[in-house]
Number of protein chains: 2
Amino acid sequence: MRNKEGNKEAGILESAIKVFAKHGYHNSRISQIASEAGIASGSVYLYYKNKEDLLARIFQNVWEQLYKEISLIQKRHDLSAIDKIEYLIDLIFDIFSANPPLAIVFVNEQIHLKKETNTFFHFYDEFFSTGEKIIEAGIKEGSLNSNLNVTVFKFFLMGGMKYLLENWAKDSKNFQLTTLRQNVKLIIKRGILK
Amino acid sequence: MRNKEGNKEAGILESAIKVFAKHGYHNSRISQIASEAGIASGSVYLYYKNKEDLLARIFQNVWEQLYKEISLIQKRHDLSAIDKIEYLIDLIFDIFSANPPLAIVFVNEQIHLKKETNTFFHFYDEFFSTGEKIIEAGIKEGSLNSNLNVTVFKFFLMGGMKYLLENWAKDSKNFQLTTLRQNVKLIIKRGILK
DNA sequence: ATTATTTTTGAACCATCGTTCATTTATGAT
DNA sequence: ATCATAAATGAACGATGGTTCAAAAATAAT
């Protein structure tokens with residue numbers, strides 16, 4: 001497969017996302033990524049230190065973007081807490097619906113990267129900590145249920161969305177993205193009881 | 001490490017769960033599992049066909065149990081739909097809280113097993129299909145919100161619980177299991193709005 | 001056109017395990 | 001005690017695939 005000229009580094013990363021999504025990190029071969037990118041396998045090492053570095057750079061990009069976006073949302077004083085949470089849900093679905101293979105990699109492969117050796121966990125931690133602040137502010141201002149454990153809700157929402165994204169990315173016929181957004185918002189806002 | 005005598009097959013599987021939980025499937029060595037079980041590495045192959053068979057047998061056991069339990073819950077005519085869902089939440093937390101390494105393996109490693117080659121996916125499919133039936137019955141009987149997309153809710157709840165379990169198993173100091181159960185039930189029943 | 005420099009190549013290297021199996025050890029029957 | 005059978009061992013095999021690097025190709029400079 002051919003790349004746009006002058007964009008080899010990004011092209012390799014795109015190819016890596018596709019191959020990682022299809023086979024999983026450990027069953028992906030550098031030679032597959034290289035041929036997907038239209039280069040020789042040795043050339044991957046001109047742009048990336050090793051296989052793990054490819055995965056790390058994917059997550060670096062994702063978490064940096066997620067952190068930047070959530071920071072902007074948090075700062076907006078015209079939005080209530082629940083508005084901010086809904087914006088956050090849209091944000092995540094927007095990022096990954098534009099790139100289904102990235103969604104699959106995002107959901108399944110972060111486990112192979114350790115906190116000690118990867119700087120992007122800084123963004124990861126800040127993302128979650130900002131999310132917590134938004135929820136806490138909502139409790140303080142009285143719009144969110146004060147019985148809610150912030151940590152539990154944070155993980156529950158993230159985990160639920162990840163699982164939905166994965167299943168959507170693998171077989172988008174099962175449900176439309178709009179159904180997905182609407183229902184997640186419905187569930188977290190009002191629950192499932194009639 | 002020593003096993004109870006006369007229980008080698010189960011002992012090996014327990015050791016595999018521990019090692020898979022700690023290092024992940026692909027970074028786990030048969031030699032590690034063997035030494036954890038107190039046997040020679042070749043002896044693993046007296047009880048299990050190969051490395052993948054170890055993982056498959058773990059999931060076989062889990063999904064068979066989950067399917068049997070959800071079937072019992074579904075049959076109970078003394079429970080409403082929401083009661084059944086709450087029982088289900090308790091069931092999952094009970095199974096995995098008794099075995100944190102199993103929770104970690106359950107959440108992270110199923111991806112390495114393919115539907116085509118593993119019979120336990122029968123239980124997996126039946127489990128989810130039974131879950132859907134419980135939710136659908138709740139909608140029909142009028143106790144659950146009829147705007148709810150059953151598939152979306154099913155995945156959202158499962159994904160949320162998986163992510164919570166993983167984080168709890170990795171660092172149980174973050175939250176107590178009772179907090180976890182209560183909050184999951186709270187969120188899905190009533191949502192987070194005050 | 002010639003030379004210097006940079007980029008790319010891909011065959012070969014080599015470390016890493018999963019798996020096998022000839023041998024040893026344990027168990028049980030007579 | 002002796003023999004037969006079963007269970008367990010762990011060194012060695014072999015396949016795999018990430019990574020390297022000498023050589024080739026492309027590009028730039030003179």
Side-chain angles (χ1 to χ4, degrees), chain A residues 1-60 105 108-114 117-118, chain B residues 1-60 105 108-114 117-118:
Chain A
M1 188 177 268
R2 274 303 303 119
N3 284 321
K4 288 166 242 158
E5 314 296 326
N7 205 7
K8 240 167 224 179
E9 189 169 334
I12 293 169
L13 211 60
E14 261 179 62
S15 303
I17 290 169
K18 281 187 201 165
V19 176
F20 289 160
K22 186 161 187 191
H23 302 101
Y25 177 70
H26 278 290
N27 291 317
S28 294
R29 307 288 150 243
I30 294 289
S31 56
Q32 290 176 301
I33 295 169
S35 98
E36 174 78 30
I39 58 173
S41 61
S43 302
V44 172
Y45 292 85
L46 301 174
Y47 299 91
Y48 297 92
K49 206 168 87 238
N50 51 31
K51 190 181 175 185
E52 191 179 330
D53 188 34
L54 279 166
L55 191 64
R57 296 272 282 274
I58 293 169
F59 279 94
Q60 170 79 35
V105 174
N108 292 311
E109 312 296 349
Q110 182 167 334
I111 193 168
H112 302 117
L113 298 169
K114 299 284 151 258
T117 43
N118 287 102
Chain B
M1 187 177 268
R2 278 298 306 115
N3 284 322
K4 287 166 243 158
E5 315 295 327
N7 206 6
K8 238 167 225 179
E9 189 169 333
I12 293 169
L13 211 59
E14 261 179 62
S15 303
I17 291 168
K18 281 187 201 165
V19 176
F20 289 160
K22 187 162 187 192
H23 301 103
Y25 177 69
H26 279 290
N27 291 317
S28 295
R29 307 289 149 240
I30 294 289
S31 57
Q32 291 176 301
I33 294 169
S35 98
E36 175 78 31
I39 59 173
S41 61
S43 302
V44 171
Y45 293 85
L46 300 174
Y47 299 92
Y48 298 92
K49 205 168 87 237
N50 50 33
K51 190 181 176 185
E52 191 179 329
D53 187 35
L54 280 166
L55 191 65
R57 297 272 282 274
I58 292 169
F59 279 93
Q60 169 80 34
V105 174
N108 292 311
E109 311 295 349
Q110 182 167 335
I111 192 167
H112 302 116
L113 298 169
K114 298 285 151 260
T117 45
N118 288 101

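Numbered from 1 within each chain, the chains take letters A, B, ... in sequence-line order.
With sequence neighbours excluded, the residues that form a ring-ring contact (aromatic ring centres under 6.0 Å, His included) with B:Tyr25 are B:Phe20, B:His112. By the side chain to side chain donor-acceptor pair (under 3.5 Å) test, A:Gln110 is found to be paired with A:Trp63, residues two or more places apart in sequence or in another chain being considered. Taking the side chain to side chain donor-acceptor pair (under 3.5 Å) definition, one finds that A:Glu52 meets it with nothing, sequence neighbours left out.
Side chain of B:Lys49 to main chain of B:Leu46: no donor-acceptor pair is present (N/O by atom type, distance under 3.5 Å, no hydrogens or angles). In this structure a side-chain-to-backbone donor-acceptor pair under 3.5 Å is present from B:Ser15 to B:Gly11.
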Letter by letter from the 5' end, nucleotides 12-23 of chain D scores (B base, S sugar-phosphate only, - none; protein heavy atoms under 4.0 Å) -----SSBB---
Grab the N/O contacts between the protein and nucleotides 24-26 of chain D below 3.5 Å, and write none if there aren't any.
none

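Between B:Ala56 and B:Asn118, the shortest heavy-atom distance links the atoms CB-ND2, 3.2 Å. Taking each heavy atom of B:Leu54 and B:Ala16 in turn, the nearest pair found is CD2-CB, 4.2 Å.
Atom NZ of B:Lys51 is separated from atom OG of B:Ser28 by 6.0 Å, given to the nearest 0.5 angstrom. Taking CG of A:Leu13 as the reference point, atom NZ of A:Lys18 lies at 12.0 Å (rounded to 0.5 Å). Taken to the nearest 0.5 Å, the CD1 atom of B:Ile12 stands 10.0 Å off from the CG atom of B:Asn7.
Close approach of DNA chain C to chain A, defined as any atom under 4.0 Å from a non-hydrogen atom of the protein, starts and stops at C:dT8 to C:dG10.
For D:dA8, one of the phosphate oxygens OP1 or OP2 lies less than 4.0 angstrom from a side-chain nitrogen or oxygen of B:Tyr47.
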